[in-house]
Every structure is written in structure tokens, then in C-alpha cells.
Protein chains: 2
Amino acid sequence: MDAAHKIVRTEPAVIAEGEVSHEECRGFADMLARIGDKWTVLIVGSLASGPLRYKELHRKVEGISQRMLTLTLKGLEEDGLVSRTVYPTIPPRVDYELTELGRTLIVPLATLYKWMTEHKGEIADARQRYAEAQANKPMW
Amino acid sequence: MDAAHKIVRTEPAVIAEGEVSHEECRGFADMLARIGDKWTVLIVGSLASGPLRYKELHRKVEGISQRMLTLTLKGLEEDGLVSRTVYPTIPPRVDYELTELGRTLIVPLATLYKWMTEHKGEIADARQRYAEAQANKPMW
DNA sequence: CAGTATCCGATCGGATACTG
DNA sequence: CAGTATCCGATCGGATACTG
């Protein structure tokens, strides 16, 4: 059925100027679920300056629960963005570090971060205007 | 209490090389919840090539429910990223269009998109390696 | 056409207690 | 120290029916 699927796509290449196929969008959205996740970004940001131990991360990423820290790190490790190194000492020590792939992610995240810092004022203004417009709408 | 808050921050400026304060990170994370949202990105991408009506968006962003389309558009409008224009005809017509601010968002999203397309192969490989490593771990 | 309202299962994610 | 396991309320988000 994979073959049948391929036959249908008779004109695979150019879709339109700047347009993106449905499948590509879905893949994009799926990856975004990981990359765009709040804790993921905070953890990657924390590891940007060098490797950290589990507890150091827990302290640095304020507000994260053990559960979310562990789960998010597992996801990052699975995606090859973070490496996990166990030192079999007593007490045990585990270091987390960005992989080469993980370090490349810092660039687009920094771009996003820059956009946010540059436009957060405008967004705050827009929200206020929106709130006022909403408040003035009902007539009573 | 806002004043008291300010007095505490006696050394506001430089935090460290590349470091970001806790509050900044939180704001970053909060904005990410909007910007990094799956439907938000898909809608902004759909509107990148020009304004669309509600139903056109519904068709273009495959798989979105009316509920999520409406809610996400409201959020984007609230943040000033999308404008909503109502034509009081019968039947009604409503156009959604990226604002100037919304159009600036395309740049960082394109950067992220580029990163994903460039590295999705590596991520897929990493996932496979991880899955195999997991499968080989238990000894039975 | 462009929504709104309601219901309701699924996932998220914190809190807490326990473990190699 | 670096987790795992369990519980459980909160939010997410689809499906469906209805409306100006």
C-alpha cells in the first residue's frame, strides 16, 4: 500500500511558491511539540553553557518537577539532542550535556528568543487593546 | 507591593555571560506556549501567503477542529499577530490576515523550520538507535 | 458562512512516597 | 544522588448539535 501511495503522487516536486505539503506540515507540527515545549527549551537553554548534573538542572530550571525533568530529558536523549553520562560512583552521578546536534538547536531558539524580546512590548500592547475592546463591546 | 518588589532587585543589569534571569525565562516559556503551539504555527504558515476566510483556513489547516481554529485565531488576534475583518454581508464573510507584527514572526519560524528539515534525519536516526538500545538492555 | 455551546475522554503534569 | 511509581486534579482538544 506504500507503493500505491507513491503512485498517486504523480507530481511530487514543486507545490507552489512558499507552500508546504500536508505531510511536511504534520512532521513540522510533531517536531514542534518537542522542540517548542516549555521545559525542553528551558533545559536546552540551561545546558547551553555546559554539562550539568541532574540536580543542578533541577535547581537551574526553576519550577520543574522531578517527573517533568526526567521525562523531558528522556525525550531529548531519545531525539539525540542531549547525552546522558552515568558515573558508577557512590553516590551515583549523571551528567547531561548537549550533543553536537543539540548545540545546533541553540541557533534557531536564539532567533525565536530574539524575536520575543524584541516584540513582547507590542504583544503586551495588543493584549491590552484587545481587553479594552472586549470590555467596551457589551452594552451595559 | 510592586514597589517592594523593585527595591529587592538592587543589581538589575548584567547577570552573567549568556545567562538569562528567571523572570525572563518564564516570560519566554509563556510566550512559547502560544508561538510554539502546533495550530498557531500551522495557521500563521497558512496566512503567510495572504489573507484567508474562516472556511478557507479550516480547509487549509487539515485536521483542525472548528473549536481549535476559533480558539487559536482568538489567541492570535489577542496577541496582535492576526487581524480579523468582518464584512457584514449575507452570508457573512470574515477575513483573517497576518498583521505587520505577525509577518515578522515568519522569520524565526522559518529558521526553526529550516533547522527541522535539516536535522529531521539525524533525529530519526537517534530515535532508532535509542529504541534499539532500550530493546537490548533487559536481559531475557 | 462563521461561528458558539456543551459534553467528555485523553493527556499533561504536579505532589508525594519510595528505591537502587 | 538520581531517579521510579502512583495518584489525581486540571487542561486540552475532538465530536456533536445548535445559532445569528
Side-chain angles (χ1 to χ4, degrees), chain A residues 22 25-26 29-43 46-47 51-78 82-97 130 133-134 137-139, chain B residues 22 25-26 29-43 46-47 51-78 82-97 130 133-134 137-139:
Chain A
H22 179 49
C25 272
R26 298 296 303 193
D30 287 351
M31 288 182 73
L32 242 168
R34 271 270 158 86
I35 305 306
D37 174 68
K38 172 190 173 185
W39 296 127
T40 295
V41 170
L42 256 27
I43 288 175
S46 295
L47 291 175
L52 289 174
R53 299 177 62 166
Y54 183 85
K55 194 144 201 182
E56 293 173 325
L57 265 174
H58 199 186
R59 233 178 293 121
K60 202 160 185 181
V61 182
E62 291 185 60
I64 196 170
S65 63
Q66 266 186 313
R67 199 182 109 95
M68 277 304 103
L69 180 55
T70 302
L71 284 177
T72 309
L73 283 170
K74 277 242 171 71
L76 286 168
E77 194 194 350
E78 187 178 356
V82 161
S83 66
R84 179 175 179 277
T85 310
V86 182
Y87 299 92
T89 55
I90 293 177
R93 169 190 180 132
V94 180
D95 275 12
Y96 289 94
E97 184 173 14
Y130 186 87
Q134 276 337 67
K137 220 185 263 175
M139 29 175 160
Chain B
H22 179 50
C25 271
R26 299 294 304 191
D30 286 352
M31 288 182 72
L32 242 169
R34 270 270 158 86
I35 304 306
D37 175 67
K38 171 189 173 185
W39 295 127
T40 297
V41 169
L42 256 27
I43 289 174
S46 296
L47 292 174
L52 289 174
R53 300 178 61 166
Y54 182 85
K55 194 143 203 185
E56 293 174 324
L57 265 174
H58 199 184
R59 233 177 294 121
K60 202 160 184 181
V61 182
E62 290 185 60
I64 196 170
S65 62
Q66 268 187 312
R67 200 184 108 97
M68 275 305 103
L69 180 54
T70 302
L71 284 177
T72 309
L73 283 170
K74 278 243 171 72
L76 287 168
E77 195 195 349
E78 185 176 357
V82 160
S83 66
R84 179 175 179 276
T85 310
V86 182
Y87 300 93
T89 55
I90 292 176
R93 169 190 181 132
V94 180
D95 274 13
Y96 290 92
E97 185 173 13
Y130 186 87
Q134 276 336 68
K137 220 185 262 175
M139 28 176 161

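Scope of the values below: all heavy atoms of this structure, side chains included, with no hydrogens, waters or symmetry mates.
Nearest to the side chain of A/Met68, among C/dG3, D/dG13, C/dG14, sits C/dG14. With D/dG3, C/dA2, D/dA2 as the choices, the nucleotide that has an atom nearest any side-chain atom of A/Arg84 turns out to be D/dG3. Distance from the side chain of A/Val94 is smallest for D/dG3 among the nucleotides C/dG14, C/dG3, D/dG3.
For A/Arg53 and D/dA2, the shortest distance from a side-chain N or O to OP1 or OP2 is below 4.0 Å. Between A/Lys74 and D/dA2, a side-chain N or O to OP1/OP2 separation shorter than 4.0 Å is absent. Between A/Lys55 and D/dA2, a side-chain N or O to OP1/OP2 separation shorter than 4.0 Å is absent.
Neither side chain, B/Thr85 nor B/Tyr96, offers a donor N or O lying under 3.5 Å from an acceptor on the other.
Separating the CZ atom in B/Arg34 from the CG atom in B/Leu76 is a distance of 7.5 Å, to the nearest 0.5 Å. Of the inter-residue distances, the one linking B/Glu56 atom CD with B/Leu47 atom CG reads 10.0 Å to the nearest 0.5 angstrom.
Distance B/Leu57 CG to C/dC1 P: 14 Å, rounded to the nearest Å. The interatomic distance linking A/Tyr54 (OH) with C/dT19 (C1') rounds to 13 Å, in whole Å. We find that CD1 of A/Ile90 is positioned 14 Å from P of D/dA2, with the value rounded to whole Å. Per the geometry, CG belonging to A/Leu73 stands 11 Å off P belonging to D/dA2, to the nearest Å. The CG atom of A/Leu71 sits 8 Å away from the P atom of D/dT4 (whole-angstrom rounding). A/His58 places its NE2 atom 12 Å from the P atom of D/dA2, with the value rounded to the nearest Å. Between the CD atom of B/Gln66 and the P atom of D/dA17 there is a distance of 13 Å, given to the nearest Å. Nucleotide C/dT4 holds its P atom 10 Å from the CG atom of B/Leu69, rounded to whole Å.
Annotation: of the two residues near DNA chain D, A/Arg67 and A/Pro91, the 5′-most nearest-nucleotide partner is A/Pro91. Between A/Asp37 and A/Pro92, the residue whose closest nucleotide on DNA chain C is further toward the 5' end is A/Asp37.
Minimum interatomic distance between B/Pro92 and B/Arg53 (heavy atoms only, all atoms of both residues): O-NH2, 3.7 Å.
Using Watson-Crick or G-U wobble geometry with both donor-acceptor distances under 3.5 Å, C/dT19 finds its partner in D/dA2. The pairing partner recorded for C/dC8 is D/dG13, the criterion being a Watson-Crick or G-U wobble arrangement whose two distances lie under 3.5 angstrom.
Residue A/Tyr96 is in sugar-phosphate contact alone, with no base atom involved, counting any heavy-atom pair closer than 4.0 Å across all strands shown.
The closest donor-acceptor contact from the side chain of B/His58 to the backbone of B/Ile64 lies under 3.5 Å.
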